[in-house]
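Comments concern the structure below.
In this text, all values refer to a predicted model and were calculated from it rather than measured experimentally.
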Amino acid sequence: MEQEDPRTRILDAAEELFYGQGVQAVGMDAVRAASGLTMRRVYQHFPSKGDLVEAYLLRRDGRWRASLAEYVSRTGGSPRGQLLAVFDWLGRWFAEPGFRGCAFVNALGELGATSPGVVAAARHHKTEFGSYLAALAEAAGAPPATAVHLTLLAEGAITGAAVHGDPTAAADAKEAAGMLLDAAPAR
């Protein structure tokens, strides 16, 4: 049986620890121990903790957005249904054990003042998420400004669910999104 790629093992360990405990609270030795690799091997793949944090965020971005898009395309149906399915997916995510809000906002809050790479990763993630919602809104016939409003609803739901520990923020945001779509003039 082939061993898992060392880089993947490191990133898996980092993701679990950084997301679960916070980036600043986790040292490289904890990542090393959780990955089961030597410190030398960890630093061969990631010369600094900053490099590891950026790689963790970039990988998380791709996985998060792919999971969302797959769910929406599989369950959404009509363009409007797909747009509203985003909030169903968020609700499922919020209800997962260990949900701690947005990894990008969390990392930005911890390191944004000192890490341009973290800032860039967070901005990339938020821009891509907003662009995805814009494409869904356009397909649903909503005017471009509606996408901005829907993005704010989704981001607010993420923050609300994290702060209050209540996954129903997604259902509330979905209801508001439906009202917003109903009120939006057709293109």
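With values rounded to the nearest 0.5 angstrom, Asp61 atom CG is found 4.5 Å from Phe104 atom CZ. Separating the CD atom in Glu128 from the CZ atom in Arg65 is a distance of 4.5 Å, to the nearest 0.5 Å. Remark: His45 NE2 to Leu52 CG distance equals 11.5 Å, nearest 0.5 Å. To the nearest 0.5 Å, atom CG of residue Leu68 and atom CH2 of residue Trp89 are 5.0 Å apart. Going from atom NZ of Lys174 over to atom CG of Leu153 covers 13.5 Å, rounded to the nearest 0.5 Å. Going from atom NE2 of His124 over to atom CG of Leu57 covers 11.0 Å, rounded to the nearest 0.5 Å.
Between Glu70 and Arg74 a salt bridge is recorded (basic side-chain N to carboxylate O distance below 4.0 Å). Using a cut-off of 4.0 Å between Lys/Arg side-chain N and Asp/Glu carboxylate O, Arg92 and Asp88 are scored as not salt-bridged. The pair Asp12-Arg7 fails the salt-bridge criterion, with no side-chain N (NZ, NE, NH1 or NH2) lying under 4.0 Å from an Asp/Glu carboxylate O.
Judged by distance alone, the side chain of Glu15 and the main-chain N or O of Tyr56 form no donor-acceptor pair under 3.5 Å. Between the side chain of Lys126 and the backbone N or O of Glu155, no donor-acceptor pair lies under 3.5 Å. Thr8 places no side-chain N or O within donor-acceptor distance of the main-chain N or O of Glu4, the cut-off being under 3.5 Å. No donor-acceptor pair closer than 3.5 Å links the side chain of Thr146 to the backbone N or O of Ala142. Arg32 contributes no side-chain N or O that, together with a main-chain N or O of Thr38, makes up a donor-acceptor pair within less than 3.5 Å. Side-chain N or O atoms of Gln21 include none that pairs as donor or acceptor with a backbone N or O of Val26 at under 3.5 Å. The backbone N or O of Arg63 sits nowhere less than 3.5 Å from a side-chain atom of Ser67 that would complete a donor-acceptor pair. Remark: side-chain polar atoms of Thr75 are paired, donor with acceptor, to backbone N or O of Tyr71 under 3.5 angstrom.
Hydrophobic cluster membership differs between Phe94 and Leu152, with clusters built from Ile, Leu, Val, Met, Phe, Trp and Tyr side chains linked at under 4.5 angstrom. Both Met39 and Leu37 sit in one connected hydrophobic cluster of ILVMFWY residues. Membership requires side-chain heavy atoms under 4.5 Å apart, directly or through other members. Hydrophobic cluster membership differs between Leu111 and Leu58, with clusters built from Ile, Leu, Val, Met, Phe, Trp and Tyr side chains linked at under 4.5 angstrom. Hydrophobic clustering (side-chain heavy atoms under 4.5 Å, transitive across Ile, Leu, Val, Met, Phe, Trp, Tyr) keeps Leu17 apart from Leu108.
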Steps toward side chain to side chain contact (heavy atoms under 4.5 Å, CB included) verdict (Phe46, Val31): CA-CA 11 Å; Phe46 302 98; Val31 174; over 6 Å; no

Full working for side chain to side chain contact (heavy atoms under 4.5 Å, CB included) between Val118 and Val23: CA-CA 11 Å; Val118 167; Val23 174; over 6 Å; no

Candidate pair Thr159 and Val105, rule side chain to side chain contact (heavy atoms under 4.5 Å, CB included), full reasoning: CA-CA 9 Å; Thr159 301; Val105 170; 5.8 Å; no

Verdict with reasoning, Ser115 to Val53, per side chain to side chain contact (heavy atoms under 4.5 Å, CB included): CA-CA 10 Å; Ser115 176; Val53 171; over 6 Å; no

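No side-chain heavy atom of Tyr43 sits under 4.5 Å from any side-chain heavy atom of Lys49. With a 4.5 Å cut-off on side-chain heavy atoms, Phe87 and Glu175 do not count as touching. In this structure the side chain of Leu133 never reaches within 4.5 angstrom of the side chain of Val148, judged on heavy atoms.
Taking every heavy atom of both residues into account, Ala173 and Ala157 meet most closely at CB-CB, 3.8 Å. A pairwise comparison of heavy atoms in Ala137 and Leu83 identifies CA-CD2, 3.8 Å as the closest pair. Listed here is the closest heavy atom pair of Val42 and Ser35: CG2-OG, 4.2 Å. Nearest approach of Gly91 to Pro167, heavy atoms of both residues: O-CB, 4.1 Å. Closest of all the heavy-atom pairs between Ala177 and Leu84 is CB-CD2, 3.9 Å. Closest of all the heavy-atom pairs between Val119 and Gly112 is CG2-O, 3.3 Å.
The neighbour count for Arg100 CZ, taken as heavy atoms of other residues, nucleotides or ligands under 6.0 Å away, is above 12.
A cation-pi arrangement is present between Arg60 and Tyr19 under the rule of less than 6.0 angstrom and at most 45 degrees off the ring axis.
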